[in-house]
There are 4 protein chains.
Amino acid sequence: MNKTKKLIFDASIKSFSQKGFHKSTMDEIADMAGVAKGTLYYHFKSKEDIFKFIIDEGVKRIEDEINEKTKNMLDPVNKLRAVCEIQMQLAINHLEFFKTMLSQLWGDEERQHQLRNVLSRYFKLIEGFLKEAADDGLIADDNLEIMAFNFFGVMTSTVVYSLIHKEKDISQLTETLLGFVMRGIGR
Amino acid sequence: MNKTKKLIFDASIKSFSQKGFHKSTMDEIADMAGVAKGTLYYHFKSKEDIFKFIIDEGVKRIEDEINEKTKNMLDPVNKLRAVCEIQMQLAINHLEFFKTMLSQLWGDEERQHQLRNVLSRYFKLIEGFLKEAADDGLIADDNLEIMAFNFFGVMTSTVVYSLIHKEKDISQLTETLLGFVMRGIGR
Amino acid sequence: MNKTKKLIFDASIKSFSQKGFHKSTMDEIADMAGVAKGTLYYHFKSKEDIFKFIIDEGVKRIEDEINEKTKNMLDPVNKLRAVCEIQMQLAINHLEFFKTMLSQLWGDEERQHQLRNVLSRYFKLIEGFLKEAADDGLIADDNLEIMAFNFFGVMTSTVVYSLIHKEKDISQLTETLLGFVMRGIGR
Amino acid sequence: MNKTKKLIFDASIKSFSQKGFHKSTMDEIADMAGVAKGTLYYHFKSKEDIFKFIIDEGVKRIEDEINEKTKNMLDPVNKLRAVCEIQMQLAINHLEFFKTMLSQLWGDEERQHQLRNVLSRYFKLIEGFLKEAADDGLIADDNLEIMAFNFFGVMTSTVVYSLIHKEKDISQLTETLLGFVMRGIGR
DNA sequence: GATGAATGAGAGTTCATTCAT
DNA sequence: GATGAATGAACTCTCATTCAT
């Protein structure tokens, strides 16, 4: 990614975070990046295209970070804990962008399909860890795919909770969340 | 709600469901409702206003249905099961509108605040059932608010799963979901 | 003028005064009058029609008042003084409506032609007094028509001055104005 | 002012002159200028903004012309005569725009405030010449501000007269007007 | 006489995209 | 590589007017 593209990339994240996809304008992104509007179109096909690029890059980074952190771990539950920590960390630190993503998760536009695609790659990663846990006899081997979805759902709702309550103690949140995921609300 | 307003109400739900909030146009809603564009503005202040009205009405209906169905139940877990069933049913039957709602859950527009407000009312209702369960010693009395959020998160991710896998057997989904909520993935 | 028509008449003056012709809406006039919008159209052909009616009525009242007050006067200069006093009084007391009138004096719409017509009737009245003064040898017999226009122009600019400086001492203003009209700025 | 902006400037004057501010539409201005509607918004913030720009430019030009023509004059009365000539000339040559201006002189919109502001600058210029005349003992030193207003009022009513009578002999009109201003109607 | 729901033409404005330089 | 002036389709919203009751 060359220098100008990086400028646009950063400016786009900032703008999409502040205003969401629809209210961000190419004018504003160009302004923030300190380049001319035409330059955006030299580096990207369209506004949609910028968004897709960001998403791709963003999820790639999460995956990399998770892979990096878990590669020497043996206990699958620790790996899941790492997923929680990393995603919570990221979601809370880039809360506004996380919300923009969630708002673009639904619908039939190109970027929205793309977003779902990269996310399902991420879900597969989670499912992989669940499978390992199941193989170790730590959890039931049932419905792993739906469990991966639920895992994500619980993480997301915890982020929303933290957002409303301005709770930023991630290790605390992570433990509560992991407790819920492992044992549910029962007892 | 008089006849014309109902026509607009129905057309709006349909349009918002098919296209989402942003791609729905007042022209199209008017067309679908079989009224003139000006008529929309006779009954509603703005496009935003129509959306808010729909949300309000919609959540009211869920709440009513839940209250109706649970009022004679004694077991709090059954009440939570009813919540799951009713919401799953509704979300799956009105999948497109459910998605539109989720996409409008984030951001700083009037309608988005409003949506979060009515949803938090709904979360309180869930939290109430959790409290009952806790009082009966069925679940731990900890973090009930965050549990309510997670409950909703799990329901939502289950809907998403069902959407991808075109799984429409609600009682099956409900049981899996309830199992997850009660016991987590553990064992 | 029956009761309902009077309600509309009063409300229209008020609305046109507060907002001018263009920003006054039939909705608002109806609201102010406490009648339904349809009722406006029972009594008047159009918004334009209401305006024309008001203008007609208003100028008629000035003329009546002037005729009443001057009919026993002998000195033409006193008559002109009366014109000044009455018009200044009215313009200052109904400043907002006076401004609305001035803004509608120009242009090719029906109401604007109509406004110019009733005003030229008023100018003729002034010219009549000037003629009397000329016949008495008090002023030169030249250009009486243009003098009548100028007379009005000076009155109007004096009103504008009083409006900016919030000067409301009418007799003072009248004397200054009459001085200007009689002797100009010379000496 | 670059070429496109000039095109828009000219078209706007033409359109505002022909139809007034309210009945001029952005579509029409764009058509007249031979540019796309969006181009108007590239160069101006709004319709209001175009109007304000024109007013500003227009009054600037009058002032410049007056300053240019009077700078070598010694007799203040000659300077006032120059003001009359220049303004009459301009008002008569751009009668329609002059009328549009007069119709926009009243009211609370941005452009109307702006118009009054630039006009009061112009009045100050007139007042300056009156002061010079007063200092030379040619006229009384009283009420110079109100005299400046009246000066403008008389010029305007003379224009209106010339408009009705299709009288276009400016030097004739100027002398009559100056006579009125200097000596009033007396004798 | 009076109502007010319904109308629809038309307005100003936005903004992603293009393209000549 | 980069620019920014120009585009025009599309949008939301306004409001005088009509007409069945």
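As the structure is a computational prediction, the values presented were derived from the model and not from experiment. Per chain, numbering begins at 1; letters A, B, ... match sequence-line order.
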Separation of [X] atom [atom1] from [N] atom [atom2], in whole Å?
{"X": "N2(B)", "N": "dT3(E)", "atom1": "CG", "atom2": "P", "answer": "20 Å"}
{"X": "Y42(A)", "N": "dG4(F)", "atom1": "OH", "atom2": "P", "answer": "16 Å"}
{"X": "E109(B)", "N": "dT12(F)", "atom1": "CD", "atom2": "C1'", "answer": "14 Å"}
{"X": "F44(B)", "N": "dT12(F)", "atom1": "CZ", "atom2": "P", "answer": "15 Å"}
{"X": "D31(B)", "N": "dT7(E)", "atom1": "CG", "atom2": "C1'", "answer": "14 Å"}

statement: Here the pair of heavy atoms bringing L40(C) nearest to M26(C) is CD1-O, 3.3 Å
field: Any T39(D) side-chain N or O less than 4.0 Å from OP1/OP2 of dG8(F)
entry: no
field: K52(D) (side chain) donor-acceptor with E110(D) (main chain) under 3.5 angstrom
entry: no
task: For each nucleotide in nucleotides 16-21 of chain F, reading 5' to 3', give B when a protein heavy atom comes within less than 4.0 Å of its base, S when such contact involves only the sugar-phosphate, and - otherwise.
output: BBB---
- request: For K60(A) and E63(A), run salt bridge (charged side-chain N to carboxylate O under 4.0 Å, His left out): C-alpha distance rounded to whole Å, both residues' side-chain angles, the deciding distance at 0.1 Å, then the answer.
  value: CA-CA 5 Å; K60(A) 241 183 249 155; E63(A) 291 171 333; over 6 Å; no
- line: 5'-most contact on DNA chain E (nearest-nucleotide basis), A36(C) vs H43(B), goes to A36(C)
task: Could you check if a side-chain atom of T156(C) sits within less than 4.5 angstrom of a side-chain atom of F98(C), using non-hydrogen atoms only?
output: yes
field: Validation row: D56(A), Q114(A) side chains within 4.5 angstrom (heavy atoms)
entry: yes
